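Naming convention: chains lettered A, B, ... in sequence-line order (proteins, then strands); numbering from 1 in each chain. Just so you know, these numbers come straight off a predicted model, no measurement behind them.
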Amino acid sequence: MTVRFGGLELAHPIINASGTFDAIAAARAFGRAALYERFPFSAFVSKTVTLAHREGNSPPRLWELGEGMINSIGLPNRGLAGYLERDLPELSTLPVPLIVNVMGFAPDEFAALVEAFSARREVAAIELNVSCPNVESGLIVGADPRECSVLVGRLRTLTAKPLIVKLTPNAADVPAVAQAAEAAGADAVSLVNTLRGMALRPGCAEPWLGAKTGGVSGPAIHAIALAQVHEVAARVSIPIVGMGGVRSGRDAHRLLSAGATLVAVGTESFRDPQAGTRVRTELAALGA
Amino acid sequence: MSAGDTRRTEAPFGRRLATVDAAREVGSYRVMRLSDRGGPIPRPGQFYMLSAHDGWAGGSDGRPFLPRALSYMRHRPETDELEFLLEVVGPGTARLAELRAGERVWLTGPLGVGFEAPADEITPVLVGGGIGIVPLVAWHQQLRLNDRDPALLLGFRDASHAAAARLLGEAEMTITTDDGSLGDQGIVTAALARALAQQGRAAVYACGPPAMLDAVRGICARQGLDAQLALEAPMACGFGACFGCVVSTVAGYRRVCLDGPVFDAAVIADGALA
Ligand SMILES: Cc1cc2nc3c(=O)[nH]c(=O)nc-3n(C[C@H](O)[C@H](O)[C@H](O)COP(=O)(O)OP(=O)(O)OC[C@H]3O[C@@H](n4cnc5c(N)ncnc54)[C@H](O)[C@@H]3O)c2cc1C
Ligand SMILES: Cc1cc2nc3c(=O)[nH]c(=O)nc-3n(C[C@H](O)[C@H](O)[C@H](O)COP(=O)(O)O)c2cc1C
Ligand code: FES
């Protein structure tokens with residue numbers, strides 16, 4: 001089942017979606033030996049790292065849906081310096097390649113993050129979370145082909161490591177953004193990130209989530225992910241990481257059929273910590 | 001490894017199927033006994049994530065989708081059985097409370113960190129509110145096994161809920177109910193303040209609604225007593241993956257499922273339990 005992806009050679013096509021599996025926390029909960037011996041993913045994608053430390057949004061951060069959930073976690077992380085000092089040494093012991101997901105609130109922040117990780121041997125690839133506003137232009141980078149092109153073009157000059165651009169589905173023309181990323185030198189694109197959603201406090205008109213709106217994930221968005229992967233695949237020739245509501249090998253197979261090279265498992269890991277392994281086994285049984 | 005990990009039994013990696021051995025009503029609650037063959041021995045205060053193998057998603061809005069966090073109430077090492085106590089508050093607890101002997105659940109755990117025993121000369125004082133008695137049943141049993149003599153104070157809405165106090169067997173205890181239908185009328189934290197006034201050195205272990213825990217925290221802070229609080233938070237994963245379950249502490253947000261659910265009261269930020 002070995003897969004070549006942007007210069008990496010992976011044991012199988014199932015990885016985790018950023019922010020849905022914390023390998024350091026899982027090692028504490030389940031024991032490091034057991035986790036490493038049966039690591040569910042062929043590469044590990046970190047939660048988004050920002051330049052400065054972030055506490056994240058005020059709770060409540062979760063709302064459950066029948067077929068998914070809405071989260072407003074707010075990208076809590078130690079920041080670049082804390083990540084390099086505390087997280088990276090431990091993540092470098094993982095049995096699989098490490099992909100670091102980064103987000104900047106301005107191009108200079110992205111540049112600082114990419115430069116720092118580019119210099120680290122432990123990092124196999126860098127994923128750019130562009131579902132954020134550029135505070136200088138006010139535009140969501142991942143929603144605007146020009147913004148995306150300028151950003152990726154600049155970051156491309158800073159690193160030889162594979163660059164994966166993680167696209168947001170909250171954009172008018174996702175394939176156009178994907179094309180812009182490819183033209184600017186991205187090695188791959190990943191999609192979909194969560195879709196913007198909202199929940200109301202039971203029995204009243206107030207938003208439930210601390211950040212008022214959040215991101216919808218899980219099976220509820222699988223059909224949307226399938227359509228977007230399919231459309232992007234028709235427009236770019238770089239490899240695609242498909243994700244969104246994958247619960248089973250059948251779901252993964254669907255995204256691969258639509259044009260993905262790798263499939264990321266997100267929310268399903270919350271229900272089943274070994275979902276990655278299950279999805280891979282089911283996928284193999286489908287002969288894919 | 002963080003310091004808290006000495007209070008943790010690690011869970012087998014992944015979820016496993018467990019069979020319901022028996023289920024019965026105790027007052028307004030339901031006891032569910034599961035066979036967890038080969039499962040590890042949990043530490044009091046730890047919890048499990050559970051979902052029904054069948055019919056999960058059967059609520060009116062299609063929920064539940066995610067597993068539900070439940071503290072274990074008792075573990076029987078002779079039979080590898082786990083006992084849980086359920087209060088039905090929504091579709092997840094409703095589905096779990098429907099399960100009959102022979103039906104199966106997905107189980108992940110034990111998760112989180114448990115209680116830490118006080119030094120020998122300090123009396124453990126256990127304070128529970130409503131369904132919050134669950135981890136205290138396990139903790140009480142363990143303290144007794146270790147020849148400790150914990151004090152017990154339990155508060156309930158009414159006599160029907162207070163029926164759960166008999167899960168602690170013959171132990172001596174103070175019971176309060178909001179409506180006075182059993183034990184002393186009033187809130188359990190008032191009983192705690194009275195009990196502490198007569199106690200020598202005490203360490204308090206509490207689980208219950210946020211307002212109760214906040215009051216316990218205040219009382220213990222004023223008297224300079226150590227307190228450990230078992231917190232609840234809405235959880236998606238239970239093993240630190242989602243960052244959804246945070247509580248505000250003096251060091252910033254911490255994940256209740258990973259760094260808790262048991263926290264030293266002194267680290268909880270002001271207003272976090274409001
Ligand atoms: C560590 C820990 C230990 C616990 N131990 C026990 C125990 O031993 N016994 C026990 O009975 N309970 C225990 N609980 C609580 C239990 O996990 C919850 O009561 C349960 O998850 C509720 O699920 P539900 O589907 O029944 O109700 P829900 O409807 O999911 O939740 C109840 C509350 O959540 C909010 N809510 C309503 N709709 C939604 C929605 N769509 N999405 C998100 N929130 C919503 C509302 O405030 C509602 O009152 C524990 C919790 C934790 C964290
Ligand atoms: C709780 C939670 C936290 C997430 N955190 C991040 C994050 O830090 N960075 C990121 O790029 N995507 C994040 N995501 C999005 C996922 O990586 C993924 O794109 C999305 O959830 C869709 O996949 P799924 O339906 O399989 O979960 C998060 C999703 C969830 C549910
Ligand atoms: S419940 Fe997911 S991090 Fe605690």
Counting heavy-atom pairs under 4.5 angstrom with chain B, the leader among A/G266, A/G68, A/P219, A/S269 is A/G68
Looking only at A/Q274, A/E64, A/M69, most heavy-atom pairs under 4.5 Å shared with chain B are made by A/E64
key: Residue pair A/Y83, A/F117: steps toward the ring pair (Phe, Tyr, Trp, His ring centres under 6.0 Å) verdict   = CA-CA 10 Å; A/Y83 187 89; A/F117 287 120; 5.5 Å; yes
Honestly, the part of B/R254 sitting under 4.5 Å from a heavy atom of chain A is neither
So, the part of A/N16 with a heavy atom under 4.5 Å from chain B: the answer is neither
Cut-off 4.5 Å, heavy atoms of chain A, and the answer for B/T108 is side chain
Distance under 6.0 Å and angle within 45° of ring axis: A/R38 vs A/F30: no
Assess the residue pair A/E127 and A/S190 against the criterion (side chain to side chain donor-acceptor pair (under 3.5 Å)); give the C-alpha distance rounded to whole Å, side-chain angles, the decisive distance to 0.1 Å, and a yes or no. CA-CA 8 Å; A/E127 183 173 56; A/S190 54; 2.6 Å; yes
Greatest number of non-hydrogen atom pairs under 4.5 angstrom with chain A, of B/G240, B/A57, B/S248, B/A236, falls to B/A236
Do other residues, nucleotides or ligands put more than 12 heavy atoms under 6.0 Å from the CG atom of B/D226?
no
Looking only at B/C237, B/G238, B/A233, most heavy-atom pairs under 4.5 Å shared with chain A are made by B/C237
query: Taking the six-membered ring for Trp, are A/F21 and A/F39 parallel (under 30°), tilted (30 to 60°) or perpendicular (over 60°)?
result: perpendicular
Cut-off 4.5 Å, heavy atoms of chain B, and the answer for A/E67 is backbone
Using the six-membered ring of B/F243, assess whether NZ or CZ of B/R255 lies under 6.0 Å from its centre and within 45 degrees of the ring axis. yes
message: I want to check something: taking the side chain as every heavy atom from C-beta on, are A/L91 and A/I24 in contact at a cut-off of under 4.5 Å?
response: yes
Pair count under 4.5 Å, heavy atoms only, with chain B: among A/S58, A/G74, A/S72, highest is A/S58
Bottom line for B/L111: the part with an atom under 4.5 Å from chain A's heavy atoms is side chain
Answer key: most heavy-atom pairs under 4.5 Å with chain A among B/C242, B/G252, B/P67 is B/C242
(message) Do A/N77 and A/K47 make a side-chain contact, defined as non-hydrogen atoms from C-beta onward lying under 4.5 Å apart?
(response) no
Turns out that what part of B/M235 lies under 4.5 Å from chain A's heavy atoms comes down to backbone
Donor-acceptor contact present, side-chain B/Q46 to main-chain B/G112, <3.5 Å = yes
Turns out that what part of B/P91 lies under 4.5 Å from chain A's heavy atoms comes down to neither
Of the listed A/N71, A/T277, A/N57, A/T267, the one with the largest count of heavy-atom pairs under 4.5 Å with chain B is A/N57
